Visitor: 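Starting off with a structure, shown below.
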Amino acid sequence: MSSKLKDVRTGIFILILSVFIRFISNNILDSKVSELGPDFMPKIISIAMMIASVILIANGLFSHRKLKSLNNTEEQAESEEENKEELSGVSEKVNFKNVLLTMGLLFLYISLINIVGFIIMTILFIVLQIMIYSEDKKAGILRNVLIGVIVTLVIFIIFNYGFKIMIPLGIFS
Amino acid sequence: MLFSGFLAIFSLTTLSLILVGVILGIIFGSIPGLTTAMAIVLCLPMTFGMEPISGMALLIGIYIGGFSGGLISAILLKIPGTPASIATTFDGHPMAQNGKAGKALGLGIVFSFLGGLISILILIFVSPVLADFALQFGPYEYFALAFFALTMIASVAGKSLTKGLISGFIGMLLAMIGSAPIDGYPRLTFGLHYLDAGFELVPAIIGLFAVSELFKIAEHYIKPADNKVQEYKIKGFGFSIKEFREQTVNFFRSSIMGTGIGVLPGIGGALASLMAYLAAKNSSKHPEKFGTGINEGVVASESANNAAIGGALIPLLTLGIPGDTVTALLLGALTIHGITPGPLLFQTNGSLVYAIFAALIIANIFMVIVEFFGMRVFVKLLKIPKILLMPVIITICVVGAYSLNGRIFDIVTILIFGLIGYVMERNDLPLSPAILGFILGPITELNLRRGLMYSNGNFLVFFTKPISGVLLVVSILFVFYTFFKHIRETSKAA
């Protein structure tokens, strides 16, 4: 997708979001304390965001069409985009599977840290996250486990005993 | 007087307390999530048994170290260690990526020192005048200042003005989730009580800057060929006398802005460094180079945030008004020792005040020395492959976020803001305007509504008060200027 079409997509998403926020701002209870109630700012900002998103969509469509009629075809725009990507060194496709895995792992880490405890969850998180990042999943497992254990213990000792900061211990408490 | 102040702290115990404070402050400042306030809380009980001068020496060491420590992670990892170092990431990190990590750190450290020094001198010599100035700031002036700063979003917008504005609005809306100012009505919480208190700034920054990076690295496997170690050279502070001289104007402007903004209670270092950065960018002959890793950016941000220290101490010592959590804790420490800051402090406890001034200067000098030698160790971080470093940093961030209030919700916040930051970056929406909106939105709203309460709903008062009137007119002119410049540029491009 050309960058201009991407803008249109972003714009539509923001437009929907701002209409939604403008809509739910109606449910904010109005207080009588001051002239402007708590609903004033959310309403103003969501309307401003609506306007900005419409400009983004219009700009995107307009320059996309101009590109098309000016040069040539979509392909040119597309290849330009690819050139740009190559220049910045990111030519391969985005690995969304790994991004989602990372998000899922962080979610698990955060939701279980209080139940299972900091030490076990942190070791697991570090080892698994390095694994997600590595192309060869099995390489250096021993090294990763070692990093996980040492880092976790060092953080735990420094924070818990040095800085006297409470750390969730989970099943060890 | 100052000389006798130096004599008062010139004992081995006091000097080593300052040194310990500075080191502890740098550690807490450089780790995202750990705050200067936390380090002070940790050490406060220890100071109870000490002489007032020794106790304050330790706390002042932490204060100075904490403010400056944030630059280390901001430059090397693009994760601001404290809100005050957000603007340091803009040019500091690109410099590190271009192999100039040593220079970026060196500039940051030296100008932190100089910025701090200038503001301490201002504190010593002109604090009564500035305290009067701060007293004139009511809701009208605060609103005008925050509004003025908001119009600056256009300058950090990057390539597209529209996208920058959208980012700014997103930041403002995120800050609105929770209880509304003044009346405390819950809004945009979807009935979830976790959200009633809203999101805190520190976990929000960790999420936007650190967690989003965790997701971004997962996008591509890093090939061994790409994983080359960023080269860096460090000699002395890494920059030449000529480069130092080039920064003179920028340095003075940023330090004075930093001190001025620091004086205003409740505004603080984050805004000081952002505003100084934007001022440097707007007055530069080559504004387009900002953000690519140039000296000016680091110098502006770091001189200003350390200059905010001296600024924040002015209302604290002369009026007894703390501007943020850290100065509130310092106020507490003073009161515990039976000292009441305020207009009479200079008469009743003059010797202690000058001892505090001397401790500030010494702490500032220790900060440079510690960071100068530490710099060579810090840059080694760059040698660690990102796929190993990033998971470790995230666990430290998680502990840091948790320790802020000891609640899981703050860790959930870093996940939420990480997702938001990642989605925004994928859609080319820049993150810095969002953070600016997040910080300024609540200040703007609170003071707008408070001001209208004072004036019985008359908005004109905002324009008739001299300070706020000037600020508002300048902001409106600035908006028009940016708008027309933008139109001219786009029509030229077409």
Side-chain angles (χ1 to χ4, degrees), chain A residues 3 6-7 9-10 13-14 21 24-25 28-29 31 33-42 45-46 48-49 52-53 55-56 59 66 89-90 92 94-95 98-99 101-103 106-107 109-110 113-114 118 122 125-126 129-130 132-135 147 151-152 155 159 163-168, chain B residues 34 38-39 42 160 162-163 165-166 169-170 172-173 176 180-183 185 187-188 190 211 214-223 226 386-388 390-392 394-396 398-399 402-403 406 408 411-412 414-415 418-419 422 427-429 441 444-445 448-450 452-453 456-457 494:
Chain A
S3 70
K6 204 168 137 195
D7 281 2
R9 192 187 58 187
T10 308
F13 174 71
I14 296 292
I21 292 168
I24 57 169
S25 301
I28 298 173
L29 292 170
S31 84
V33 185
S34 64
E35 293 290 318
L36 301 177
D39 56 336
F40 173 74
M41 281 295 260
I45 300 298
S46 52
M49 200 156 87
S53 59
I55 295 175
L56 190 64
N59 250 337
K66 205 156 76 180
V90 209
E92 22 172 349
V94 171
N95 188 338
N98 274 354
V99 175
L101 276 175
T102 306
M103 290 173 179
L106 187 63
F107 176 76
Y109 176 44
I110 287 171
I113 197 170
N114 223 12
F118 173 80
T122 304
F125 172 77
I126 293 179
Q129 186 61 52
I130 296 176
I132 294 175
Y133 279 162
S134 316
E135 194 157 18
I147 294 177
V151 167
T152 307
I155 295 178
F159 279 76
F163 298 158
K164 304 238 180 319
I165 284 165
M166 291 286 289
I167 281 177
Chain B
L34 294 193
M38 246 187 248
L42 216 63
S160 156
T162 325
K163 285 184 202 164
L165 289 176
I166 290 177
F169 295 142
I170 292 177
M172 291 172 82
L173 284 170
M176 278 174 209
I182 300 180
D183 35 41
Y185 280 55
R187 55 182 180 182
L188 311 179
F190 310 99
V211 177
L214 179 84
F215 299 150
K216 215 160 84 188
I217 295 175
E219 285 183 349
H220 307 280
Y221 288 120
I222 297 174
K223 297 205 186 82
D226 301 336
K386 266 212 160 148
I387 63 162
L388 302 180
M390 209 53 206
V392 173
I394 292 298
T395 58
I396 297 175
V398 165
V399 182
Y402 178 78
S403 55
I408 294 293
I411 318 182
V412 178
I414 72 170
L415 175 64
L419 292 173
Y422 179 71
N427 287 292
D428 299 328
L429 294 169
T444 318
E445 180 180 16
L448 172 65
R449 293 183 59 196
R450 199 180 267 165
L452 285 175
M453 277 165 81
N456 289 321

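The structure presented is a predicted model; accordingly, all values stated were derived computationally and were not measured. Just so we're on the same page: letters track the sequence lines, and every chain starts at 1.
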Visitor: For the residue pair Ile408(B) and Ile110(A), what are the closest heavy atoms and their distance?
Guide: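 Distance-wise, the nearest heavy atoms are CG2-O, 4.4 Å.
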Visitor: Hey, are the side chains of Thr10(A) and Asp428(B) touching, using non-hydrogen atoms and a 4.5 Å cut-off?
Guide: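 No, too far: nothing below the 4.5 Å cut-off.
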Visitor: State, with a plain yes or no, whether a side-chain heavy atom of Pro391(B) is found less than 4.5 Å away from one of Tyr133(A).
Guide: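 Answer yes - side chains close enough.
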Visitor: Report the distance from atom CG of Asp7(A) to atom CG of Asn427(B), rounding to the nearest 0.5 Å.
Guide: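 It is 9.0 Å, given to the nearest 0.5 Å.
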Visitor: Looking only at side-chain N and O atoms, does Tyr221(B) offer a donor or acceptor that is under 3.5 Å from a partner on Asn98(A)?
Guide: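 Note: Asn98(A) and Tyr221(B) side chains meet the donor-acceptor criterion.
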Visitor: Any side-chain heavy atom of Met176(B) within less than 4.5 Å of one from Ile45(A)?
Guide: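 With C-beta onward as the side chain, the pair touches.
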Visitor: With rounding to the nearest 0.5 Å, note down the distance linking NZ in Lys163(B) to CD1 in Ile55(A).
Guide: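 Lys163(B) atom NZ to Ile55(A) atom CD1 measures 13.5 Å (nearest 0.5 Å).
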Visitor: For residues His220(B) and Val94(A), determine if any side-chain heavy atom of one lies less than 4.5 Å from a side-chain heavy atom of the other.
Guide: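 They are in side-chain contact.
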Visitor: Once rounded to the nearest 0.5 Å, what's the spacing between atom CG of Leu173(B) and atom CE of Met41(A)?
Guide: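 Atom-to-atom, Leu173(B):CG and Met41(A):CE are 9.5 Å apart.
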Visitor: So for Ile113(A), is it side chain, backbone, both, or neither that comes closer than 4.5 Å to the heavy atoms of chain B?
Guide: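 For Ile113(A), the contact with chain B is made by the side chain alone.
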Visitor: Would the distance check show the side chain of Arg187(B) and the main-chain N or O of Ser25(A) forming a donor-acceptor pair, the cut-off being under 3.5 Å?
Guide: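 No: the side chain of Arg187(B) does not pair with the backbone of Ser25(A).
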Visitor: To the nearest 0.5 Å, what is the distance between CD1 on Ile396(B) and CD1 on Ile155(A)?
Guide: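 These two atoms lie 4.5 Å from each other.
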Visitor: With chain A as the partner, which of Leu388(B), Val412(B), Val392(B) has the greatest number of non-hydrogen pairs under 4.5 Å?
Guide: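 Option with the greatest count: Leu388(B).
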Visitor: In the structure I gave you, are the side-chain heavy atoms of Glu219(B) and Val99(A) within less than 4.5 Å of one another anywhere?
Guide: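 Yes, close enough: below the 4.5 Å cut-off.
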Visitor: Run the side chain to side chain contact (heavy atoms under 4.5 Å, CB included) check on Phe118(A) and Val399(B) step by step: do they pass?
Guide: CA-CA 9 Å; Phe118(A) 173 80; Val399(B) 182; 3.2 Å; yes
Visitor: How long is the gap from CG on Leu415(B) to CE on Met103(A), to the nearest 0.5 Å?
Guide: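 Result: 8.5 Å between the selected atoms.
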Visitor: With the side chain counted from C-beta on, respond yes when Phe215(B) and Leu106(A) share a heavy-atom pair under 4.5 Å apart, and no when they do not.
Guide: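 With C-beta onward as the side chain, the pair touches.
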Visitor: For Ile170(B), is it the side chain, the backbone, both or neither that has a heavy atom under 4.5 Å from a heavy atom of chain A?
Guide: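 Backbone plus side chain of Ile170(B), per the 4.5 Å heavy-atom cut-off to chain A.
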Visitor: I would like to know whether Phe125(A) and Val398(B) meet side chain to side chain contact (heavy atoms under 4.5 Å, CB included); could you show each step before the answer?
Guide: CA-CA 11 Å; Phe125(A) 172 77; Val398(B) 165; over 6 Å; no
Visitor: Pick one of side chain, backbone, both or neither for Leu56(A), based on which atoms fall under 4.5 Å of a heavy atom in chain B.
Guide: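 Both backbone and side chain.
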Visitor: Would you mind reporting whether Ile24(A) and Phe190(B) have side-chain heavy atoms less than 4.5 Å apart?
Guide: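 Answer yes - side chains close enough.
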Visitor: How many angstroms lie between atom CG of Leu419(B) and atom CZ of Phe107(A), to the nearest 0.5 angstrom?
Guide: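 The CG atom of Leu419(B) sits 10.0 Å away from the CZ atom of Phe107(A).
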Visitor: Can you tell me which residue among Leu214(B), Ile394(B), Ile387(B), Thr395(B) is in a side-chain contact (heavy atoms from CB on, under 4.5 Å) with Gln129(A)?
Guide: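 It is Leu214(B), the one option of Leu214(B), Ile394(B), Ile387(B), Thr395(B) that forms the side-chain contact (heavy atoms from CB on, under 4.5 Å) with Gln129(A).
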Visitor: Report which part of Ser134(A) has an atom under 4.5 Å of a heavy atom belonging to chain B: side chain, backbone, both, or neither.
Guide: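 Contact with chain B: backbone and side chain both.
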Visitor: With only heavy atoms counted, which part of Ile130(A) is less than 4.5 Å from chain B, the side chain, the backbone, both or neither?
Guide: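 Both parts, backbone and side chain.
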Visitor: Any non-hydrogen side-chain atom of Ile217(B) less than 4.5 Å from a side-chain atom of Thr102(A)?
Guide: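 SC-SC contact between Ile217(B) and Thr102(A) ruled out.
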Visitor: Give the member of Thr122(A), Val151(A), Asn95(A) that has the highest number of heavy-atom pairs under 4.5 Å with chain B.
Guide: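 Ranked by contacts with chain B, first place is Asn95(A).
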